[in-house]
There are 2 protein chains.
Amino acid sequence: MEQTLTNSIQDYLKNIYELTENGESASTNALASRLNVKPASVTGMVQKLASAKPALVEYQKHQGVTLTDDGKKAALEVIRHHRLLEAWLVQTLGYTWDEVHAEAEKLEHVISEDFERRIAAAMGHPLRDPHGELIPTADLQMPLDDSTPLSSLRPGQFGKIEYVKASEAELLRYLENLGLIPGADIEVKDHSPFDHNLTIKMGRKSVVLGLNITSKIYVKES
Amino acid sequence: MEQTLTNSIQDYLKNIYELTENGESASTNALASRLNVKPASVTGMVQKLASAKPALVEYQKHQGVTLTDDGKKAALEVIRHHRLLEAWLVQTLGYTWDEVHAEAEKLEHVISEDFERRIAAAMGHPLRDPHGELIPTADLQMPLDDSTPLSSLRPGQFGKIEYVKASEAELLRYLENLGLIPGADIEVKDHSPFDHNLTIKMGRKSVVLGLNITSKIYVKES
DNA sequence: AATATATTTTAGTCAAGACTAAATATTTTG
DNA sequence: CAAAATATTTAGTCTTGACTAAAATATATT
């Protein structure tokens, strides 16, 4: 089971994972455009992965691809690397959210399991990366996502902020000033159906937030 | 000039650099055994590097290889990456000297110039890696080595310890306990020509050290 | 100097993984 | 429901960087 997968194969698996999270199977074309590769190349690779010694994907001619359990494991390993790396680069080297991606994209394929363990431990085994994405666990399970966009809460509901999915420093600072940071407890007071503005209460403070913001703030209902 | 070199080519250049530091040219065989590759493969690659658009090596049939200025730049870039990474991994993730090499060997090929700058700055632009090797500067010059093995000092000479080139934790702890750490000022008192033992004085303390140790302690004469 | 030995080079293969062009399915639409 | 548009696959090519076997050249030994 411990085959050593090439960078290219890891990229295929990672992208198939991301395209099939919704339950659908991944199409040749969709994969090709994500991987910056021609569709014909995808067909070739996918056939190879399907007939690998422990098969990594499930594949039927014009039917798209799915990961096998082995394939999913391999994909989650790469995704874990990627997200841990993003978190680590941001925390230790002052990268911003938009700068880390390319760097992590390259490093994810070459770090050792030892390195993975060390950075995970150094950060206290974080649950999410800087973009708010869940980090697969060390035993390669994708944790359940128990958060929903704040925009989907109804008046009267309570929640705790889990993460903010935004990269604009300006917006982040704005929210931080309001106290809208991970961990904050909030209550939805009012909902204006016409323009989708929500009135939020935190402690004694009230704020009105538009959909452009409430759809980026993810909360755990409580 | 900004070609993007493959990992393989970077490895060739790095190893040619290391084999030619003494002024000699690198032989096909020597390179092959360092790179874990057959001599015939080396010949092929070396021919390719010699006829690259800006040539990276100088090469004449049975005469061995040398780096051109462009090739040397590329080699120093990789070596700088490697040594900065080793220092960084040791300092931030608690790797020991013997653990870092393999990890750095992989990372050196994929980190960005930005990453390089960030870790260099984070460490205060160190001069040497954890093995005591000099780190090429940001403008890709190899600094002059102003240190010599303690074993080559004569009685009456003074020096300051620059680094200790050893990886055994036991030896390092022993030397640390004696105060034989980078920065320490020492004086050579006596030299026993028969067994090459040196008597060293540091402050009011005297120690007798064998060649196996004095050849690993590098000092700057003063 | 002649031969033995070691090193290096040539020539031809191979596997990965991309590509193009052409053939074939599948969808969409009129 | 057939025609056109779109998506996918096949077949064959290319490049990279390894390999083996055999030929050529250097070096060393007697």
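Basis for what follows: all heavy atoms, side chains included, without hydrogens, waters or symmetry-related copies. Throughout, a chain's letter reflects where its sequence line sits, starting with A, and its residues are numbered from 1.
Between the CD atom of Gln47(A) and the P atom of dT8(D) there is a distance of 13 Å, rounded to whole Å. For the pair Lys61(A) NZ and dT9(D) P, the interatomic distance rounds to 8 Å; values are reported in whole Å. When the P atom of dA16(C) is taken as reference, atom CD of Gln10(A) falls 16 Å away, rounded to whole Å.
Ring to ring, Phe115(A) and Trp88(A) are close: their centroids are under 6.0 angstrom apart.
Contacts with DNA chain D (heavy atom under 4.0 Å) in residues 20-44 of chain B: Val37(B), Lys38(B), Ala40(B), Ser41(B), listed by number.
Taking Arg34(A) as the reference, Asn15(A), Glu18(A), Leu19(A) meet the side-chain contact (heavy atoms from CB on, under 4.5 Å) condition, with sequence neighbours excluded. Annotation: side-chain contact (heavy atoms from CB on, under 4.5 Å) contacts of Pro182(B) (sequence neighbours excluded): none. Scanning for side-chain hydrogen bond (donor to acceptor under 3.5 Å, both in side chains) contacts around His101(B) gives His82(B), Glu86(B), Glu105(B), with sequence neighbours left out.
Looking at Lys72(A), its side chain never comes within 3.5 Å of a backbone N or O of Leu67(A) through a donor-acceptor pair. Checking side-chain atoms of Ser147(B) against main-chain N and O of Lys220(B) turns up no donor-acceptor pair under 3.5 Å.
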Under 3.5 Å, N/O pairs linking protein and nucleotides 14-17 of chain D:
unit_1	atom_1	unit_2	atom_2	d
dG17(D)	OP1	Thr6(B)	OG1	2.8
dG17(D)	OP2	Lys48(B)	NZ	2.1

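Residue pairs satisfying the side-chain hydrogen bond (donor to acceptor under 3.5 Å, both in side chains) criterion with at least one member in residues 24-33 of chain A, sequence neighbours excluded, are absent.
A donor and an acceptor atom, one from each side chain of Thr96(A) and Asp98(A), are located under 3.5 Å apart.
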